[in-house]
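All values reported here derive from a predicted model rather than from experimental measurement. Each ligand, and each atom within it, is numbered from 1 in the order the structure gives.
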Amino acid sequence: MMDHASALYDKKCSCLHCGTAFTTKRVRSGALAMLKRDSDFCTYYKEQSLNPIRYTVAVCPQCGFAFTDQFAPRLSPAHKKLVAERIAAKWTRKDLGAERSPAEAIAAYKLAIYAAELTGQAHSVKAGLYLRLAWLYRFEGDAEEQRCLQQAVDEYEQSYIHSDYALGDKDMSEVRLLYLIGELMRRVGKYDKAIHYFSKVLAFRGRTIETGMLQMAQDQWAQARDEHKRQQQKREQPTTVD
Ligand SMILES: [Zn+2]
């Protein structure tokens, strides 16, 4: 097992806004021992402080523009002007390129989400940021997770409608995306929509090699249906006041 310091390395970056060269920490994949994975693909490692999602976002220490490898490689002149006014002008120089605490990782994601919204990044890119931020809150037991899951699923739904899902994550297939939307809808309590998306996954039966996704959709569809029923029963029960 590698020690902490050697599990992290410095990755060279160049700021997409101001061109400043800087380094940011990344996790060596060989350093990771996986513990478990949630039904929305949130992955836990033996050493959670080495969870790679803590280091996905690079933050330019000079101007404060925060981005990931999935951002479009160039900013338009109009977007540069916005970044200059709304981000760089308000930034006080600080370095998030060293080892990050959970709070620093969360701060980096908030900066990246703001930058992504401001510069019109693809829905899939924004969705990925919101989902990973939700996971960071989950690790901390913070109720903010729900709000981020809601924003993630809204962006993934847009990503599905606009078919931009391959831009944010090269491993994202249509079947996987449909499953993920269904599962996130279930987690935010939108059971009708969850069931709708899970049935879209199941319609791929016989047309996909991703049979694992079909099985997961089957299981989570059953769970969503049960939770939906319980929710309706609760609503129908008259409330008693003592
Ligand atoms: Zn910069």
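- Draw a line from the Zn ion (ligand 1) to SG of C18 and another to SG of C15, and the angle between them is 110° (to 10°).
- The only option from V27, L35, N51 that meets the side chain to side chain contact (heavy atoms under 4.5 Å, CB included) definition with Y45 turns out to be N51.
- Rounded to 10°, the angle formed at the Zn ion (ligand 1) by C60 SG and C63 SG is 110°.
- Checked for salt-bridge contact, E157 and K193 meet the test: a charged N lies under 4.0 Å from a carboxylate O.
- Checking H17 against the Zn ion (ligand 1), every N/O/S atom stays at or beyond the 2.8 Å cut-off.
- A ring-centre distance under 6.0 Å is not found for Y197 and Y179.
- A centroid separation of 6.0 Å or more is found between the aromatic rings of Y130 and Y109.
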